[in-house]
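First listed ligand is number 1; within each ligand, the first listed atom is number 1. Numbers for residues simply follow the sequence, beginning at 1. Quantities reported herein were computed from a predicted structural model and do not represent experimental measurements.
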Amino acid sequence: MDNKRFISFEGLDYSGKSTQIRLLEKYLQERGHRVFPIREPGGTVISERIRDILLDKKHMNMTERCEIFLYSAARVQLVQEKIIPLLKEGYFILADRYVDSTTAYQGYGRGLDLQMVEQINQAATFGLLPGTTFYLRLQPEEIADRIPQSGRELDRLEAAGQDFYQRVFQGYEILAEKNKKRFYVIDANLSVEQIHQIIVKILIKRTME
Ligand code: TMP
């Protein structure tokens, strides 16, 4: 499967992924490309329903294993129903999170066995990885400054606290180090326009190679 047009965005909550996806979607559409943006967990009717269960604050007693299987169940439906068929049709897939989120949040953040996480990720994706991953690097301490601006309540994961985010951050750093060919690290504190320009430049290079 050609994964060149499969692009994922990763980073801590509030790192600006969705803004960048919107800008890139517009950029690609203006150049005549067909684009499908997806948000994980979500993107299909079934996956959106799983998302509601995952983010519901009433579910504070959800076990770590239940959590990873729910994320993965939402993902496998998305991969089979949307990602694979649309890539075959020549679409660009812009994914707001993908398996690296599971490794960072459930593996490093929750402390689940990394080998098990890897196996579950493999099963949920049939081994399909993005061709390029943009990691918007935001320090955990910087999240708090960004929350009031959005003015909404924290969801179940966001309520998990500073230590959790510190571990997730370390997880992303390790992933970036281990997957240098696929991962591009971008400072999330640059301006929206600067980040967009960096992304476009990298993408032109990656998709023309
Ligand atoms: P979002 O708000 O960025 O859409 O993401 C929802 C939350 O789900 C976010 O806190 C990260 C978390 N998450 C995981 O813990 N594991 C995963 O595999 C995915 C896709 C998201």
Distance-only, no hydrogens or angles: does the R5 side chain make a donor-acceptor pair with backbone N or O of F92 under 3.5 Å? no

Strictly under 4.0 Å, does any heavy atom of E67 approach an atom of ligand 1? no

Would you confirm whether the ring centroid of Y105 sits within less than 6.0 angstrom of the ring centroid of Y71? no

Which option, R110, R51, R75, R97, owns the non-hydrogen atom nearest atom 2 (O) of ligand 1? R51

Backbone, side chain, both or neither: what part of T102 comes under 4.0 angstrom of ligand 1, heavy atoms only? both

With a 6.0 Å cut-off on the ring centroids, do Y135 and Y172 count as close? yes

Check this for me - ligand 1, Y71, N or O atoms closer than 3.5 angstrom, yes or no? yes

Could you work out, for atom 16 (N) of ligand 1, the closest of K17, E40, E10, Q106 by heavy-atom distance? Q106

Sidechain-backbone polar pair: R65 side chain, L112 backbone, donor-acceptor under 3.5 Å: no

Does any N or O of ligand 1 fall below 3.5 Å from an N or O anywhere on R39, backbone included? no

Hey, does R75 have a side-chain heavy atom less than 4.5 Å from the side chain of N121? yes

